[in-house]
Amino acid sequence: MIDGVSLIICTYNGSKLLPLTIKHILDQETDLRIHWEVLFINNASTDDTNDVILNCWKSKIPMRIINEDKQGVIYARQRGLVEAKYDIVSFIDDDNWINDNWIEEVYSTFLNNPLITICGSKNKAKYEINPPECLSWIEESFAIGSQGESFEDITIKRGYVWTAGLSLRKDVYFSLIEKGFSFFLTGRKGKKLSAGEDTELCYAFILSGYQIWYNERMTLTHFIPAQRLQWTRIIQLFEGFGKAHSVLQIYKLFIDNKNSILILFYNNIKDYSKFFIQRLLGQIKNNEGNGKYLHYLFIKERFISTVFNYNFINNYFSINKFRKSVSKMKK
């Protein structure tokens with residue numbers, strides 16, 4: 001039996017986005033026997049986020065505003081996990097509109113499936129303006145789309161779920177912390193488009209012997225403001241993905257039982273050399289909507305963050321130490 005659901009919304013300067021997000025939270029049609037609460041983690045906002053939340057919250061549903069001054073969405077999420085009252089923690093972003101059965105679906109998913117420790121949602125899109133044509137093939141970069149087939153274990157074929165709509169068992173998360181897990185990736189940090197902390201968490205779960213699940217009945221709408229569709233911002237997004245993947249590739253190496261760090265150096269040098277030559281010959285150009293250019297940026301930033309980052313080897317040994325620690329947990 002689980003005791004309830006803590007819905008956590010991490011926000012940075014989200015005053016313009018939060019009213020509709022809150023409306024959809026308050027529209028929940030939930031069995032009265034299900035206990036739940038809402039936590040807003042204000043991650044060093046400089047606008048009137050707290051006032052907006054208080055003005056919009058016309059409900060008896062338990063709600064708390066928690067100020068986390070250390071900027072970085074992962075610090076906000078960690079604070080939410082510490083402050084959460086209930087067994088199941090469900091994360092949404094301040095631009096996510098959850099369906100009216102969200103809490104009930106999250107609760108029943110974990111209640112009826114004791115082996116599920118982490119589960120992702122189906123995310124639809126609502127664009128403020130008509131999206132550029134290129135977005136049809138990079139929607140996943142905006143945490144939009146299906147992450148599996150209906151309701152299934154996606155550990156092997158996908159291996160991660162987006163934080164927008166991610167729900168997990170709090171006790172399992174803290175068991176990983178006790179075994180030495182700590183985040184190397186901070187996610188969004190103010191206006192800095194860092195990334196990858198959601199995949200890092202999922203990879204840590206997999207290394208510890210847990211499964212990653214998807215449930216399409218957990219559905220939300222992801223609102224995409226116009227400024228997020230600008231080409232310059234999409235470029236920054238893919239650069240952030242490349243930097244994050246420098247860390248994520250270490251986890252994936254251990255998940256695949258290929259433990260040699262030399263494999264990572266070899267693969268990065270090989271991949272970047274190919275793209276560098278194509279870029280040098282003018283075969284890869286920075287044309288708006290050019291997916292090959294975005295792929296080049298991803299490979300370039302991953303290469304730089306792997307080969308020329310003195311922390312990379314330290315990260316490798318730290319993650320390896322965690323892998324060895326949790327291997328005892330799986331026995």
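When the shell of 6.0 Å around CZ of Phe317 is examined, it contains 12 or fewer heavy atoms from other residues, nucleotides or ligands. Within 6.0 Å of CG in Asp256 there are more than 12 heavy atoms belonging to other residues, nucleotides or ligands. Under a cut-off of 6.0 angstrom, the local environment of CD in Gln227 is crowded, with over 12 non-hydrogen atoms contributed by other residues, nucleotides or ligands.
Each of Leu220 and Tyr160 belongs to its own hydrophobic cluster when Ile, Leu, Val, Met, Phe, Trp and Tyr are linked at side-chain heavy-atom distances under 4.5 angstrom. Using a 4.5 Å cut-off between side-chain heavy atoms of Ile, Leu, Val, Met, Phe, Trp and Tyr, with links allowed through other members, Val82 and Ile74 fall into the same hydrophobic cluster. Under the 4.5 Å side-chain heavy-atom criterion for Ile, Leu, Val, Met, Phe, Trp and Tyr, Trp57 and Leu17 are members of distinct hydrophobic clusters. A continuous path of Ile, Leu, Val, Met, Phe, Trp and Tyr side chains, each step under 4.5 Å between heavy atoms, connects Tyr173 with Tyr251, placing both in one hydrophobic cluster.
A donor-acceptor pair shorter than 3.5 Å can be found between the side chains of Thr306 and Ser246. Looking only at atom types and distance, the side chain of Asp69 has no donor-acceptor partner in the side chain of Asn43 under 3.5 Å away. In summary, the side chains of Asn96 and Thr21 do not present any donor paired with an acceptor at a separation below 3.5 Å, with no hydrogens or angles considered.
In the hydrophobic clustering, where aliphatic and aromatic side chains (Ile, Leu, Val, Met, Phe, Trp, Tyr) are joined below 4.5 Å either directly or transitively, Ile277 groups with Leu281.
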>> Could you walk me through whether Ser90 and Ser167 satisfy the side-chain hydrogen bond (donor to acceptor under 3.5 Å, both in side chains) test, starting with their C-alpha distance in whole Å, then the side-chain angles of each, then the deciding distance to 0.1 Å, before giving a yes or no?
In response: CA-CA 4 Å; Ser90 186; Ser167 301; 2.8 Å; yes
> Going through the checks in order, is the side-chain hydrogen bond (donor to acceptor under 3.5 Å, both in side chains) test met by Thr46 and Asn13?
Replying inline: CA-CA 6 Å; Thr46 56; Asn13 286 352; 3.2 Å; yes
>> Run Phe151 and Trp213 through side chain to side chain contact (heavy atoms under 4.5 Å, CB included) and show every step you take.
In response: CA-CA 7 Å; Phe151 180 60; Trp213 278 74; 4.1 Å; yes
> So Ile25 and Leu7, side chain to side chain contact (heavy atoms under 4.5 Å, CB included) or not? Walk me through it.
Replying inline: CA-CA 9 Å; Ile25 295 172; Leu7 181 65; 4.0 Å; yes
> Between Glu37 and Ser6, is a side-chain hydrogen bond (donor to acceptor under 3.5 Å, both in side chains) present by the stated rule, with each step listed?
Replying inline: CA-CA 5 Å; Glu37 64 172 352; Ser6 295; 2.6 Å; yes
> Hey, mind stepping through Trp162 and Phe91 against side chain to side chain contact (heavy atoms under 4.5 Å, CB included) and telling me if it holds?
Replying inline: CA-CA 10 Å; Trp162 306 307; Phe91 287 105; over 6 Å; no
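In this structure, the side chain of Ser318 engages the main chain of Asn314 through a donor-acceptor pair within 3.5 Å. Proximity of a side-chain donor or acceptor of Asn42 to a complementary backbone N or O of Ser45 within less than 3.5 Å is detected. Judged by distance alone, with hydrogens and angles left aside, the side-chain atoms of Gln211 form no donor-acceptor pair with the main-chain N or O of Thr155 at under 3.5 Å. One N or O on the side chain of Ser59 and one on the backbone of Ile61 form a donor-acceptor pair closer than 3.5 Å. Checking side-chain atoms of Asn290 against main-chain N and O of Asn286 turns up no donor-acceptor pair under 3.5 Å. Looking only at distances, no side-chain donor or acceptor of Glu83 sits under 3.5 Å from a matching main-chain atom of Ile66. Between the side chain of Lys170 and the backbone N or O of Ala84, at least one donor-acceptor pair lies under 3.5 Å. Distance alone, capped at 3.5 Å, is enough to place a donor-acceptor pair between the Glu68 side chain and the Lys70 backbone.
Checked options Ile22, Asp94, Leu54; the residue passing with Phe40 is Ile22 (criterion: side chain to side chain contact (heavy atoms under 4.5 Å, CB included)). Applying ring-ring contact (aromatic ring centres under 6.0 Å, His included) to Phe265 and the options Phe308, Tyr272, Phe312 leaves one that passes, Phe312.
Under a 4.0 Å N-O distance rule, the pair Glu197/Arg77 qualifies as a salt bridge. Ion pairing between Asp47 and Lys16 fails under the 4.0 Å rule for side-chain N and carboxylate O. Salt bridge annotation for Arg33-Glu104: absent, with no cationic side-chain nitrogen under 4.0 angstrom from a carboxylate oxygen. Ion pair Lys157/Glu152 flagged as a salt bridge, since at least one NZ, NE, NH1 or NH2 atom sits closer than 4.0 Å to an Asp/Glu carboxylate oxygen. Using a cutoff of 4.0 Å between basic side-chain nitrogens and carboxylate oxygens, Asp3 and Lys85 are not scored as salt-bridged.
Using a 30° and 60° split on the angle between ring planes, His295 and Phe298 fall in the tilted class, from 30° to 60°. Taking the six-membered ring where tryptophan is involved, the planes of His24 and Trp97 are essentially parallel, since the angle between them stays under 30° and well short of 60°.
Residues Tyr316 and Leu253 come closest through the heavy atom pair CE1-CD2, 4.0 Å.
Within the 4.5 Å cutoff, the side chain of Thr219 has heavy atoms near those of the Lys124 side chain.
In this structure, the separation between CZ on Arg169 and CD1 on Ile116 is 7.5 Å, given to the nearest 0.5 Å. Between the OG atom of Ser182 and the CD1 atom of Ile177 there is a distance of 7.0 Å, given to the nearest 0.5 Å.
In this structure, Lys126 is not positioned above the aromatic face of Phe223 in the sense of NZ or CZ being under 6.0 Å from the six-membered ring centre and within 45° of the axis.
With sequence neighbours left out, Gln278 forms a side-chain hydrogen bond (donor to acceptor under 3.5 Å, both in side chains) with Lys292.
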